[in-house]
Amino acid sequence: MIYLTAVEMLELLRTGQVGAVELLQAHLDRIEEVNPRVNAIVTLVAERALAEAREADRDLARGHWRGPLHGLPVAHKDLADVAGVRTTYGSPLFADHVPLQDSPVVRRMREAGAITVGKTNTPEFGTGSHTVNELFGATRNPYDLSKSAGGSSGGAAAALATGMVPLADGSDMGGSLRNPASFCNVVGLRPTPGRVPSPSPTTAWFTLGVPGPMARTVADLALLMSVISGFDAASPLSITESGAVFAGPLETGLRGMRVAWSPDLGGLPVDVETARVTARAPEVLAELGAKVEQVTLNLSDAEDAFRIYRAWYYALSYGGLPQEELGANVRWNVEQGLGLTGADLARAERLRSGLYRRMNAFFDTYDFLLAPVSQVPPFPVDAPHVSEINGEPLPDYLAWMRSAYWISVLHAPAASVPCGFTSDGLPVGVQIVGRPFDDMGVLRLAHAFERATGHGARRPALG
């Protein structure tokens, strides 16, 4: 039961073939069985969840269907506030923090009938694409426990891959949702900024970081998007289009579709195994009828733009915290931000604006961009980060994530979809990038790729 899709589970609930308590208990049993090995869920609220499941069953018996996620167990990233549930942001500073209100994504999922089972692991304040922190330790990759699950939504990805939950929310600034989806053989969507509201008292206009859905299938991604997206006046960049658009059909013909394939996004180093696996992706789409063309891109302006905006965000968001109590990565980002000048911010805005115009012209020619999600396959869990690729040293802990964070600068939706496995059996994902606001188009192409390949059906060997 635990590896059914969310859509299938909901149909069983709706038709009375399974109850919410029964479904939840199956997932709680799975959590008890595998979570000690992967460390994906760091705060479990089993009794609260069982009480909610019993109430969901009573509603079903009365013929009351709460919403699209009625009775479905879900987990929330430990960056998302859940009222009454410990939410630490992966930081010792917030080890005992219990929010009074749900974040907008959590609220929408719960209003749709979802049942919260717990919180998923994240590095401190989501800093970096390796899920490890001082409070809970590292999340391990279900396909090889000696490897990283990626990050910063690594707990969510590992929980999905092991059948602990059918749906989870994540977030993505520089690949924090796409990278762990790639590492754990699940799917994730970085939505167009504003598609999923993210109100903030201090960074309401910041567009690099976005919340988004994670799941085991693209259809389940679309289901969750139909719930969490849609206008919210508290978020000034909120897109007014209803989330109902994501309840539409995913099937689409690819004949005549124009897809640009970039194996290295303009000269980035890519691990040989990752390159070998992702090289199959354009062939799949071509066989489905798409017109695929290899292109040479120049996204290098995204480098400075991303780093400057990111540093500004860290100084604004965490500069007021006691720096001596923060982890090294967070402190470094804050220091970078505090050293910025007005000229730096002007350069970032100029670079990003120019890149946006050039990519608009690019998307006049092509419907989608196809590229590797990550430049490397899952790396050792005990390593703090990737320090070199193909013998080329990297300057800092961010540099190995360029294939993801350069895309973040484009204001475009991007999905991570399973693409295959290395010779050592490690998952590798491919990234489908659409023109800004074409989130549904990205999901449709991802759905077609998923159905043609079936890589996501390969489960980790954890028993």
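This structure is a prediction, so every number in the text was calculated from the model and none was measured. All residue numbers refer to positions in the sequence shown, counting from 1.
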Novice: Hey, does the side chain of Asn133 reach the backbone of Ser91 with a donor-acceptor pair shorter than 3.5 angstrom?
Specialist: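 No, Asn133 side chain to Ser91 backbone: no donor-acceptor pair under 3.5 Å.
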Novice: If I compare all heavy atoms of Met214 with all of Val186, which pair ends up nearest, and what's the gap?
Specialist: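 Closest heavy-atom pair between Met214 and Val186: CE-CG2, 4.5 Å.
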Novice: Any donor-acceptor pair under 3.5 Å linking the side-chain atoms of Asn333 with those of Tyr397?
Specialist: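 On atom types as modelled, these side chains qualify, holding a pair under 3.5 Å.
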Novice: Show the nearest heavy-atom pair for residues Ser148 and Phe183, with the distance to one decimal.
Specialist: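 Looking at all heavy atoms of both residues, the closest pair is O-CD2, 3.6 Å.
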Novice: Please name the residue in the list Thr120, Val42, Asn121, Asn39 that meets the side chain to side chain contact (heavy atoms under 4.5 Å, CB included) test with Thr131.
Specialist: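 The side chain to side chain contact (heavy atoms under 4.5 Å, CB included) with Thr131 is passed solely by Asn121 among Thr120, Val42, Asn121, Asn39.
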Novice: What do the steps show when you test His411 against Thr192 for side-chain contact (heavy atoms from CB on, under 4.5 Å), and what is the final call?
Specialist: CA-CA 6 Å; His411 205 82; Thr192 300; 4.1 Å; yes
Novice: For the CG atom of Asp396 and the OG atom of Ser387, what is their distance to the nearest 0.5 Å?
Specialist: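 Interatomic distance, Asp396 CG to Ser387 OG, rounded to 0.5 Å: 11.5 Å.
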Novice: Could you go step by step and tell me if Met440 and Glu241 meet the side-chain contact (heavy atoms from CB on, under 4.5 Å) rule?
Specialist: CA-CA 12 Å; Met440 190 59 172; Glu241 187 175 29; over 6 Å; no
Novice: Without swapping roles, check the side chain of Asp220 against the backbone of Ala6 for a donor-acceptor pair under 3.5 Å.
Specialist: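 Side chain of Asp220 to backbone of Ala6, a donor-acceptor pair under 3.5 Å: yes, one is there.
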Novice: Just so I know, are the side chains of Val259 and Pro282 near enough to count as touching, which here means a heavy-atom distance under 4.5 Å?
Specialist: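 Val259 vs Pro282: side chains apart.
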Novice: So for atom CD, which belongs to Glu32, do other residues, nucleotides or ligands contribute more than 12 heavy atoms lying within a distance under 6.0 Å?
Specialist: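 For Glu32, atom CD is not crowded (no more than 12 foreign heavy atoms under 6.0 Å).
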Novice: Got a donor-acceptor contact below 3.5 angstrom from the Asn179 side chain to the Ser152 backbone?
Specialist: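 No; zero donor-acceptor contacts below 3.5 Å.
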Novice: Should Phe246 and Arg195 be marked as a side-chain contact (heavy atoms from CB on, under 4.5 Å) after you check the CA-CA gap, both sets of side-chain angles, and the distance that decides it?
Specialist: CA-CA 11 Å; Phe246 295 101; Arg195 179 70 71 184; 3.9 Å; yes
Novice: Which of parallel (below 30°), tilted (30 to 60°) and perpendicular (above 60°) describes Phe379 and Trp400?
Specialist: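 Plane angle over 60°, so perpendicular.
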Novice: As an exercise, state the distance from OG of Ser317 to CZ of Phe125, rounded to the nearest 0.5 Å.
Specialist: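 Answer for the OG-CZ pair, Ser317 versus Phe125, is 9.5 Å.
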Novice: Side chain of Asn141, backbone of Lys147: donor and acceptor closer than 3.5 Å?
Specialist: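 Between the backbone of Lys147 and the side chain of Asn141 there is no qualifying donor-acceptor contact (under 3.5 Å).
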Novice: For residues 112-119, please give each side-chain donor-acceptor pair under 3.5 Å, one per line with the distance, not counting sequence neighbours.
Specialist:
residue, atom, partner, partner atom, Å
Thr116, OG1, His76, NE2, 2.9
Thr116, OG1, Arg110, NH1, 3.2
Lys119, NZ, Asp78, OD1, 3.1
Lys119, NZ, Ala80, O, 2.9
Lys119, NZ, Thr87, OG1, 2.9

Novice: To check you understand the geometry: which heavy-atom pair defines the closest contact between Arg178 and Val373, and what is its length?
Specialist: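 Minimum heavy-atom contact is O-CG1, 3.5 Å.
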Novice: Under 3.5 Å, side chain of Asn35 to main-chain N/O of Ile41, donor-acceptor pair present?
Specialist: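 At least one qualifying donor-acceptor pair exists.
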Novice: Output yes when a side-chain donor or acceptor of His130 lies under 3.5 Å from a complementary backbone atom of Ala383, and no otherwise.
Specialist: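 Checked: pair present.
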Novice: More than 12 heavy atoms of other residues, nucleotides or ligands under 6.0 Å from CD of Glu47: yes or no?
Specialist: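 No, CD of Glu47 has 12 or fewer neighbouring heavy atoms, counting only those of other groups under 6.0 Å.
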Novice: Can you tell if the side chain of Val417 reaches within under 4.5 Å of the side chain of Thr453, non-hydrogen atoms only?
Specialist: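 Heavy-atom side-chain distance check fails, nothing below 4.5 Å.
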Novice: Please say which of Arg14, Arg54, Arg66 ends up in a salt bridge (Lys or Arg N to Asp or Glu O under 4.0 Å) with Asp59.
Specialist: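 The salt bridge (Lys or Arg N to Asp or Glu O under 4.0 Å) with Asp59 is passed solely by Arg66 among Arg14, Arg54, Arg66.
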Novice: So, Glu134 side chain and Gly327 main chain: donor-acceptor pair closer than 3.5 Å or not?
Specialist: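 No: the side chain of Glu134 does not pair with the backbone of Gly327.
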Novice: What do you reckon, is CD of Gln101 surrounded by more than 12 foreign heavy atoms closer than 6.0 Å?
Specialist: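 Check fails, neighbour count at 12 or below.
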Novice: Taking all atoms of both residues into account, what is the closest heavy-atom pair of Arg48 and Val85, and its distance?
Specialist: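 Closest pair (atom of Arg48, atom of Val85, distance): NH1-CG2, 3.3 Å.
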Novice: Just by distance, do the side chain of Arg444 and the backbone of Gly253 share a donor-acceptor pair under 3.5 Å?
Specialist: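 No, because the side chain of Arg444 does not come within donor-acceptor range (under 3.5 Å) of the backbone of Gly253.
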Novice: Hey, could you give me the CD/CG distance between Gln25 and Leu50, rounded to the nearest 0.5 Å?
Specialist: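 One finds 6.0 Å between CD of Gln25 and CG of Leu50.
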Novice: What's the shortest heavy-atom distance between Val381 and Thr139, and which atoms?
Specialist: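 Reported closest heavy-atom pair: CG2-O, 3.9 Å.
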Novice: Quick one: does Leu12's side chain get under 4.5 Å of Leu4's, heavy atoms only?
Specialist: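 Heavy-atom side-chain distance check passes, below 4.5 Å.
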Novice: What are the two closest heavy atoms between His97 and Pro99, and how far apart are they?
Specialist: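 Smallest interatomic distance, heavy atoms only, reads NE2-CG, 3.7 Å.
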Novice: First locate atom OG1 of Thr278, then atom CD of Glu273, and finally report the distance between them rounded to the nearest 0.5 Å.
Specialist: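 Going from OG1 on Thr278 over to CD on Glu273, the span is 10.5 Å.
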Novice: Salt bridge or not for Glu111 and Arg108, using N-O below 4.0 Å?
Specialist: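 Looking at Arg108 together with Glu111, the answer is no, because their closest N to O distance does not fall below 4.0 Å.
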Novice: Look up atom NZ in Lys77 and atom OG in Ser176, then write down how far apart they are to the nearest 0.5 Å.
Specialist: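 Between Lys77 NZ and Ser176 OG, I get 5.0 Å after rounding to 0.5 Å.
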Novice: Between Asp144 and Gly425 (side chain of the first, backbone of the second, donor and acceptor by atom type, cut-off under 3.5 Å), is there such a pair?
Specialist: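 Such a contact is absent between Asp144 side chain and Gly425 backbone.
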Novice: Starting from the C-alpha separation in whole Å, work towards a yes-or-no answer on side chain to side chain donor-acceptor pair (under 3.5 Å) for Thr217 and Glu450.
Specialist: CA-CA 8 Å; Thr217 70; Glu450 172 188 77; 5.0 Å; no
Novice: Side-chain contact test, heavy atoms from C-beta onward, threshold under 4.5 Å: evaluate it for Ser262 versus Asp264 and give yes or no.
Specialist: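 When only atoms from C-beta onward are counted, Asp264 and Ser262 do touch, with a gap below 4.5 Å.
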Novice: State, yes or no, whether a side-chain contact exists between Gln375 and Val386 at a heavy-atom distance under 4.5 Å.
Specialist: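 No, every pair of side-chain atoms sits at 4.5 Å or beyond.
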Novice: Is Arg280 paired with Glu283 through a side-chain N to carboxylate O contact shorter than 4.0 Å?
Specialist: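 Looking at Arg280 together with Glu283, the answer is no, because their closest N to O distance does not fall below 4.0 Å.
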Novice: So which of Pro142, Pro418, Cys419 actually passes side chain to side chain contact (heavy atoms under 4.5 Å, CB included) with Asn185?
Specialist: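 It is Pro418, the one option of Pro142, Pro418, Cys419 that forms the side chain to side chain contact (heavy atoms under 4.5 Å, CB included) with Asn185.
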Novice: Under 30°, 30 to 60°, or over 60°: which ring-plane class applies to Tyr143 and Phe421, parallel, tilted or perpendicular?
Specialist: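 Because their plane-to-plane angle lies in the 30° to 60° range, the rings of Tyr143 and Phe421 count as tilted.
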Novice: Is a side-chain N or O of Gln431 found less than 3.5 angstrom from the main chain of Ala404, in a donor-acceptor match?
Specialist: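 Absent.
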Novice: Working to the nearest 0.5 angstrom, can you tell me the gap between Ser146 OG and Leu426 CG?
Specialist: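 Nearest 0.5 Å value for the OG-CG distance: 8.0 Å.
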Novice: If we count only N and O atoms by modelled type, under 3.5 Å, do the side chains of Asp232 and Ser238 hold a donor and an acceptor together?
Specialist: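 Asp232 vs Ser238: no donor-acceptor pair found between side chains.
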Novice: side-chain contact (heavy atoms from CB on, under 4.5 Å) for Arg216 and Thr5? Distances and angles first, verdict last.
Specialist: CA-CA 7 Å; Arg216 288 191 292 268; Thr5 69; over 6 Å; no
Novice: Report yes or no: do Asp81 and Tyr89 form a side-chain donor-acceptor pair below 3.5 Å?
Specialist: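 Looking only at side-chain atoms, Tyr89 and Asp81 do form a donor-acceptor pair, the distance falling under 3.5 Å.
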Novice: Do Asp438 and Phe368 touch side chain to side chain, with heavy atoms closer than 4.5 Å?
Specialist: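 Of all side-chain heavy-atom pairs linking Phe368 with Asp438, at least one is under 4.5 Å.
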Novice: Flag the pair Glu325 / Pro92 as yes when at least one side-chain heavy-atom distance between them is below 4.5 Å, and no otherwise.
Specialist: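 Not in contact.
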Novice: Would you mind reporting whether Pro322 and Leu93 have side-chain heavy atoms less than 4.5 Å apart?
Specialist: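 Result yes, sub-4.5 Å side-chain heavy-atom pair found.
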